[in-house]
Amino acid sequence: MDMNVQSAQNLLRDPPKDIKEIMDASTGQTKAALDVARANVASINGHTPSGSKEIIQIINDEKEFTKDLAQQINSWGLRDAGFGYDIVAVFGSQSTGKSTLLNRLFGTNFGVMDEAKRQQTTKGIWMCKGSDMNVLVMDVEGADGRERGEDQDFERKAALFSLASSEVMIVNLWEHQVGLYQGANMGLLKTVFEVNLGLFGKRTKDGPNQRTLLLFVIRDHLGTTPLSNLQQTLTTDLLRIWDSLSKPSEVADAKLEDYFDLAFTGLPHKILAADAFESEVQELRKKFVDKTNEGYYFKSGYHKRIPADGVALYMEGIWEQVQSNKDLDLPTQQELLAQFRCDEISSVALEEFNLQAKSRRRPVETGNVVEGLGKLMSSWKTTALSRYDRDASRYHNGVYSRKRAELLAAIDSSLLPLFVGQLKNIHKAVLVEFKSELALGLQGESYNFAEVVSSAKAKSETNFSEGAKEAAAAGNEQDGWSWTEELELLREEVQAVADQFRSDETKKMVNAIERSLKRQIAEPVEVLFIKPTPDIWDSVLITYRDVLLTAESKYLQKAKSFNCTAEENKSSLETLRRRAWTALRTKIGELTSDTVVLGRLRTQFEEQFRYDVHGVPRVWKPGDDIDAAFRKARDETLELIPLYAKINPKDESLVPSFNDPVSTPAPPSDEDIFDFSSSLVIFPETKIIDLSTRFRRDADAYYVEAKRSMVSSIAQIPLWMYGVLVVLGWNEAMAVLFNPLYFTLLLISVAGAWITIQLGLVGPLFQVARTVTNEVQRQATKKLREQFAEPQLNAPIPASSGGSRNSTQEEDWEDKEASRYERKLR
């Protein structure tokens, strides 16, 4: 085989005349193709093709990774391609036509070798986008070049990098190199396989292995040796290399086909069979372009699952691992890239989300209920996650899912305070609405408290539940988006408000019943006190009992709608009884005040003393027993004072009973210090004595007046005195009758006297005159006593039977002393 290859090379260098003529006489397509290729692709200082703006050196000969790859990929229009792209790399010995092959297959413009110089063309690793296809093509520096000599570090790292990065690895070799160990780069492949074996072993733990296609392109295939034989030879060599690898224990049984698919194709001689070469290249191109082709190379199983916008970072991470001589862990690199990109995408999505949520945060914090907040939060959340999913779902699924969960947690943690604040605001608003509903429903007199409270409660819970469900639409209950506790708290507060309203309404009802009870008690009791009888207190207490029973029945009837407990009803009824008794006792106090009692005693005394049993006024005559009538009327009237002094019915069962107040640590109220036994006493003993004394003085005055009227009726004027008065007063009478002035005065006096008599004012006029006379007499007596003071006038004033004296008693004593002094003067 070596002799055949050597002969072919000699023929190419110095072809015979007939072959040369054949070549010159050819269609000229070969030469034209060469001229076009040389014209389109020329190198600049052996590095960059002239005029090229579509290729980029991703790793230079100083082993540095470019920072412009991401920008270049964007300029190629692949940033949003997602997984819709492929990567192919070429690997082989130097000067084997790798760049030429790539230019023909993918329409790239990599620099090609100048055949006149036979020197290295590609330095480092270059990348270019295929013409009219989303294919990233990597042209790798050739192996075994004289420029690097024995320094195989870069070629190993470049082979390792291209194998890890690409989906399809084109191994370019000459036909005569098949079967050679170094010529076919089997030693380099062994090193690459061995270094990456740790990678392949780790990948088996995560699921199906990510496969790579090794496409062997056998150049200058003359056809002497069938392609199947060449394929068998290369496969055998690869299997032998694989079996000789030092494998980790976890992949000791791994096979080559578990990680690599092998494909083989041959290309005719580019110069000797130019037409056939071009035709085969076009057929090979279809397998890279036409997805319907049976031998399509870019199968989905070969794709590295890295989105196009992350390829630059992905490759940079791989190169850093290769450069640092660390094990090349492809999934780890994918995860690192995914973490970096997913963090970036998540940050952008979260920033946009925070910007949207900021406008609604302030109203919630100030206590306002934001309408449709749950829908807004769901929209913000969906938008952020959609943005993240769109850009990050193309990366490593595990990292994508984990970062999505982190983003979701960050969004929820930002939304949760809004949700909690919205709940509290709804809580407050519903509570205020509940109070308003109760206040509105309890207006008037015909409301049913239980129905009003039940309706308001149902409405408040419905409103809160609807608002809470709407607000909780953006989260899950398991993540803290639960509103059941807030609902329970609302129910407790609503019940507390309802209880307070019930207490207030109960008090209002008791107060209303108390006012009604006062009106019902006042008139009957007042009537009973106008005509007091010995059993007055029985009648009063019977009236009190009847009115109280009516009030209690009215309370119980109304209290049914308040859902009051038996204990509450008992307490309210006890309060009502106390207030009813207090109202009765207040009314009795009004009817037994000093002025009222004295007036009633005087009235009672007058009715018995000044009127007969038929109610006719008495005119005392000399034969009447005025003293007996006076004593009887006075004694019967004085009997009323002890009757008024204490509530003491003849039927003791009529006396109500009250429970003792419950002692509490709080300051006692008026009801707590209610003393029923003391309320039965109306007049103390001192008050009884005082009232008796004051009544006796008034009764004595009536007695003296009666005596005086009797004396005036006894006096007799002789008849002859009337004749004397007529004779002696005739002239004066005539003077008055015939004098207009005196006559007018006489008429006025007669008319005034007639009117006074008709109006019944004679008695009051005499009383006024008598009072004025007594006052003048008292003042005169006082002045005389001051002028003619005697020792007996300085004697002490006798005290009353009660051990004290009042101004009335002192005045009575002074009147008696003045009368005694006048009698002495006379």
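The model shown is predicted, which means the values in this text are computed figures rather than measured ones.
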**Request:** Mark yes or no for whether Ser279, through its side chain, and Ala276, through its backbone, hold a donor-acceptor pair below 3.5 Å.
**Result:** no
**Prompt:** Between Asp412 and Lys381, does at least one N-O distance fall below 4.0 Å, as a salt bridge requires?
**Reply:** yes
**Prompt:** Do you know the tightest heavy-atom contact between Cys128 and Phe110?
**Reply:** CB-CZ, 3.5 Å
**Prompt:** So do the side chains of Val88 and Met138 get within less than 4.5 Å of each other, counting heavy atoms only?
**Reply:** no
**Request:** Go through Asp86 and Tyr302 one step at a time and tell me if the side-chain hydrogen bond (donor to acceptor under 3.5 Å, both in side chains) criterion holds.
**Result:** CA-CA 9 Å; Asp86 300 288; Tyr302 303 143; over 6 Å; no
**Prompt:** Does the side chain of Phe353 reach to within under 4.5 Å of the side chain of Val348, using non-hydrogen atoms?
**Reply:** no
**Student check: side-chain heavy atoms of Arg341 and Asp309 closer than 4.5 Å** = yes
**Prompt:** For the side chain of Asn103 and the backbone of Ser99, is there at least one donor-acceptor N/O pair under 3.5 Å apart?
**Reply:** yes
**Message:** Whether the side chain of Arg219 engages the backbone of His269 through a donor-acceptor N/O pair (distance < 3.5 Å, no angle test) should be reported.
**Reply:** no
**Message:** Do Leu215 and Val217 make a side-chain contact, defined as non-hydrogen atoms from C-beta onward lying under 4.5 Å apart?
**Reply:** yes
**Asked** For Ala349 and Ala384, which heavy atoms make the closest approach, and how far apart are they?
**Response** CB-O, 3.6 Å
**Item:** Reported CG-to-CG distance for the pair Leu313 and Leu69, which is rounded to 0.5 angstrom
**Value:** 9.0 Å
**Asked** So which heavy atom on Gly124 is nearest to which on Glu141, and how close?
**Response** N-OE1, 2.7 Å
**Fill in**
Closest non-hydrogen atoms of Val140 and Ala158, given as atom of the first, atom of the second and distance, are CG1-CB, 3.7 Å
**Prompt:** Just wondering, more than 12 heavy atoms not from Glu406 lying within 6.0 Å of its CD?
**Reply:** yes
**Item:** From Lys403 atom NZ to Asp343 atom CG, the distance as rounded to the nearest 0.5 Å
**Value:** 3.5 Å
**Request:** Verify, without hydrogens or angle tests, whether His303 (side chain) and Phe298 (backbone) share a donor-acceptor contact under 3.5 angstrom.
**Result:** no
**Fill in**
In this structure, CD1 of Ile345 is separated from CZ of Arg387 (nearest 0.5 Å) by 8.5 Å
**Request:** Answer whether the closest heavy-atom distance between the side chains of Lys304 and Ser165 falls below 4.5 Å.
**Result:** no
**Prompt:** Would you say Glu352 has more than 12 foreign heavy atoms packed within less than 6.0 Å of its CD?
**Reply:** yes
**Message:** Quick check for you: to the nearest 0.5 Å, what is the distance between Lys63 atom NZ and Ile59 atom CD1?
**Reply:** 11.0 Å
**Message:** Between Tyr388 and Tyr400 (side chain of the first, backbone of the second, donor and acceptor by atom type, cut-off under 3.5 Å), is there such a pair?
**Reply:** yes
**Asked** Does NZ or CZ of Arg305 lie under 6.0 Å from the centre of the six-membered ring of Phe83, at an angle within 45° of the ring axis?
**Response** yes
**Asked** Is the backbone N or O of Ser393 less than 3.5 Å from a side-chain atom of Asp389, with the two atoms forming a donor-acceptor pair by type?
**Response** no
**Asked** Is it the case that Asp68 and Gln72 place a side-chain donor and acceptor less than 3.5 Å from each other?
**Response** no
**Request:** Please report the shortest heavy-atom distance between Tyr297 and Ala263, naming the atom on each side.
**Result:** CE2-CB, 4.3 Å
**Request:** Would you indicate whether the side-chain heavy atoms of Leu222 and Glu175 approach each other to under 4.5 Å?
**Result:** yes
**Request:** Mind checking the CG-CZ spacing from Leu163 to Phe260? Nearest 0.5 Å is all I need.
**Result:** 4.5 Å
**Prompt:** Do Tyr296 and Lys287 have side-chain heavy atoms sitting under 4.5 Å apart?
**Reply:** no
**Asked** Got a donor-acceptor contact below 3.5 angstrom from the Arg211 side chain to the Glu257 backbone?
**Response** yes
**Message:** Donor-acceptor pair, distance only, cut-off 3.5 Å: does the side chain of Lys129 make one with the backbone of Met133?
**Reply:** yes
**Ile411 vs Leu385 side-chain heavy atoms within contact, under 4.5 Å** = yes
**Item:** Interatomic distance, Ile306 atom CD1 to Ile87 atom CD1 [nearest 0.5 angstrom]
**Value:** 9.0 Å
**Asked** Would you say Gln231's side chain and Phe264's backbone share a donor-acceptor pair under 3.5 angstrom?
**Response** no
**Prompt:** Using 30° and 60° as the class limits, which term best fits the ring planes of Tyr259 and Trp242: parallel, tilted or perpendicular?
**Reply:** tilted
**Prompt:** Charged N to carboxylate O below 4.0 Å: is that the case for Lys255 and Asp258?
**Reply:** no
**Asked** If you draw a 6.0 Å radius around CG in Asp243, do more than 12 non-hydrogen atoms from other residues or ligands fall strictly inside?
**Response** yes
**Prompt:** Where the side chain of Ser386 meets the backbone of Thr382, is there a donor-acceptor pair that is under 3.5 Å apart?
**Reply:** yes
**Message:** Before you tell me yes or no, could you show the steps for Phe161 and Trp319 under ring pair (Phe, Tyr, Trp, His ring centres under 6.0 Å), namely the whole-Å CA-CA distance, both residues' side-chain angles and the distance that decides it to 0.1 Å?
**Reply:** CA-CA 6 Å; Phe161 171 79; Trp319 182 250; 5.6 Å; yes
